[in-house]
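See structure below.
Because the structure is predicted, anything quoted here is derived from the model rather than measured. Numbers here are sequence positions counted from 1.
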Amino acid sequence: MSTSADPLATLAALPGVTESVNAVRTAVDRVYGHRVMRRRSNEVTSEAALRGARGSAALAGADWALEEVRRRTDFGAEGEPRTVGAALRLTAEAGQLLSIWRQSPLRVLARLHLVAAGGVEGDEGIGRPRQSGEPVDEPLIGSDLPLPDADEVAGRLEGLAGLLLAGSEAPALVTAAVVHGELLALRPFVSRNGLVARAAERIVLVGSGLDPKSICPAEVGYAELGAAPYMAALEGYASGTPEGMAVWIAHCGRAVELGVRESTAVCEALQRGAA
């Protein structure tokens, strides 16, 4: 990343990024202008949360049908049920952490991992960055990307937090993509990093004002685009090259657009009385 005073703004100027930012802004404005949003926005928000959680869980290896996620109430079992439950808990928790995020992003990340892991503070490896020698369970990524050591993780997390607290003129999409990509590349926790990264991206998109009602679930888009393109774009981010960073930001933008399409369909169904 750039060493300029505002590295996020530097990323926003990369070729192709402006087009992604503009496409996302146009799509978001369109769904917020839907007539259903004037009187039933809470219903759209709830449905977007459910669909976003389903999408995030799918990328984490629990690709359940939406109606199965809607129907189930027991998510305590190991394996896929626990993954879906973690995604649902994170979606519910994210909206309550906006004010804390603005003051202490690292505190929020610790909380998100605690919620995702379903543990209590103080449990081994839960709610804190991993320590030297601790393994990471992140099946989607596996060994495809080099795993930074604990010291690098600590330093880069501090750098990310400083970047966020310093503020930037960069569009929300760029900031959200960097938060998402950095957390996936670092895998700072012993587990559930993907779920945490996507929840953190959601916090940025909502807190920035781009999607204040949280009705544009990018997680839906990532799941629809598929795991292989997601990983290919992430490799671009991890490369640190301008071209790779632009590819990752564009992928994140496309995911938001697909999330907008999903919520537009929800608005249309509500308007017809079908949902």
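Taking CD of E158 as the reference point, atom CG of L163 lies at 12.5 Å (rounded to 0.5 Å). The CD1 atom of I203 sits 4.5 Å away from the CG atom of L112 when rounded to the nearest 0.5 Å. Atom CZ of residue R70 and atom CD of residue E67 lie 4.5 Å apart, to the nearest 0.5 angstrom. Summarising the geometry, atom CD belonging to E235 is positioned 10.0 Å from atom CD1 belonging to I141; distances are rounded to the nearest 0.5 Å. Note that OG of S263 is 11.5 Å distant from CG of L258, once rounded to the nearest 0.5 Å. Atoms CE and OH, from M245 and Y237 in turn, are 4.5 Å apart once rounded to the nearest 0.5 Å.
Using a cut-off of 4.0 Å between Lys/Arg side-chain N and Asp/Glu carboxylate O, R89 and E93 are scored as not salt-bridged. Salt-bridge check for E257 with R30: failed, with every basic side-chain N at 4.0 Å or more from each acidic carboxylate O. For the pair E262 and R51, the salt-bridge criterion is met [side-chain N within less than 4.0 Å of a carboxylate O]. Comment: E134 engages R128 in a salt bridge, judged by a side-chain N to carboxylate O separation of less than 4.0 angstrom.
Closest approach of R156 to A185, counting heavy atoms only: NH2-CB, 4.3 Å. Across all non-hydrogen atoms, the minimal contact from P148 to V153 is O-CG2, 3.9 Å. Closest non-hydrogen pair, V36 versus V44, comes out as CG1-CG2, 4.2 Å. L147 and V136 get closest at one heavy-atom pair: CD2-CG2, 3.9 Å. Scanning all heavy atoms of the two residues, the minimum distance from P212 to Y32 falls at N-OH, 3.2 Å. When every heavy atom of G253 is checked against every heavy atom of V24, the shortest pair comes out as O-CG2, 3.4 Å.
Hydrophobic clustering (ILVMFWY, side-chain heavy atoms < 4.5 Å, transitive): V84 and L140 are in distinct clusters. In the hydrophobic cluster analysis, where Ile, Leu, Val, Met, Phe, Trp and Tyr join through side-chain heavy atoms closer than 4.5 angstrom, L164 is grouped together with L109. Note: the hydrophobic cluster containing L183 does not contain V247 (ILVMFWY, side chain heavy atoms under 4.5 Å, direct or indirect links). L106 and V190 sit in two unconnected hydrophobic clusters of ILVMFWY residues. Membership requires side-chain heavy atoms under 4.5 Å apart, directly or through other members. Under the 4.5 Å side-chain heavy-atom criterion for Ile, Leu, Val, Met, Phe, Trp and Tyr, L90 and I100 are members of the same hydrophobic cluster.
Shown here is R72, whose CZ atom has more than 12 heavy atoms of other residues, nucleotides or ligands within 6.0 Å.
Remark: the backbone N or O of L270 is paired with a side-chain donor or acceptor of R40 at under 3.5 angstrom. Not a single donor-acceptor pair under 3.5 Å links the side chain of S214 to the backbone N or O of V206. For the pair W101 (side chain) and V108 (backbone), a donor-acceptor distance under 3.5 Å is absent. Using a distance-only test at 3.5 Å, with no hydrogens or angles considered, no donor-acceptor pair links the side chain of S56 to the main chain of G52.
With contacts defined as side-chain heavy-atom distances shorter than 4.5 Å, the pair L88/V69 qualifies. Using a 4.5 Å heavy-atom threshold, the side chains of S132 and D149 count as separate. Side-chain contact between T83 and R192 is present, with heavy atoms from C-beta onward closer than 4.5 Å. Between L205 and C216, every side-chain heavy-atom pair lies at or beyond the 4.5 Å cut-off. For the pair C252/L173, a side-chain contact is recorded, criterion being any heavy-atom separation below 4.5 Å from C-beta on. At a threshold of 4.5 Å between non-hydrogen side-chain atoms, the residues R54 and D63 count as touching. Taking 4.5 Å as the limit, every side-chain heavy atom of L234 sits out of range of all side-chain heavy atoms of H251.
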Passes side chain to side chain contact (heavy atoms under 4.5 Å, CB included), L97 versus R107? Steps please. CA-CA 10 Å; L97 297 173; R107 180 180 166 195; over 6 Å; no

So R25 and L210, side chain to side chain contact (heavy atoms under 4.5 Å, CB included) or not? Walk me through it. CA-CA 8 Å; R25 180 77 267 175; L210 177 66; 3.3 Å; yes

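For the residue pair D6 and S168, a side-chain donor N or O sits within less than 3.5 Å of a side-chain acceptor on the partner.
The one candidate from E138, R130, R187 that meets the side chain to side chain donor-acceptor pair (under 3.5 Å) condition with N193 is E138.
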In residues 220-228, what donor-acceptor pairs under 3.5 Å come from side-chain atoms, sequence neighbours left out?
residue: Y222; atom: OH; partner: H180; partner atom: ND1; Å: 3.4
residue: Y222; atom: OH; partner: E201; partner atom: OE1; Å: 3.2
residue: Y222; atom: OH; partner: E201; partner atom: OE2; Å: 2.7
residue: E224; atom: OE1; partner: R261; partner atom: NH2; Å: 3.1
residue: E224; atom: OE2; partner: R261; partner atom: NH2; Å: 2.4

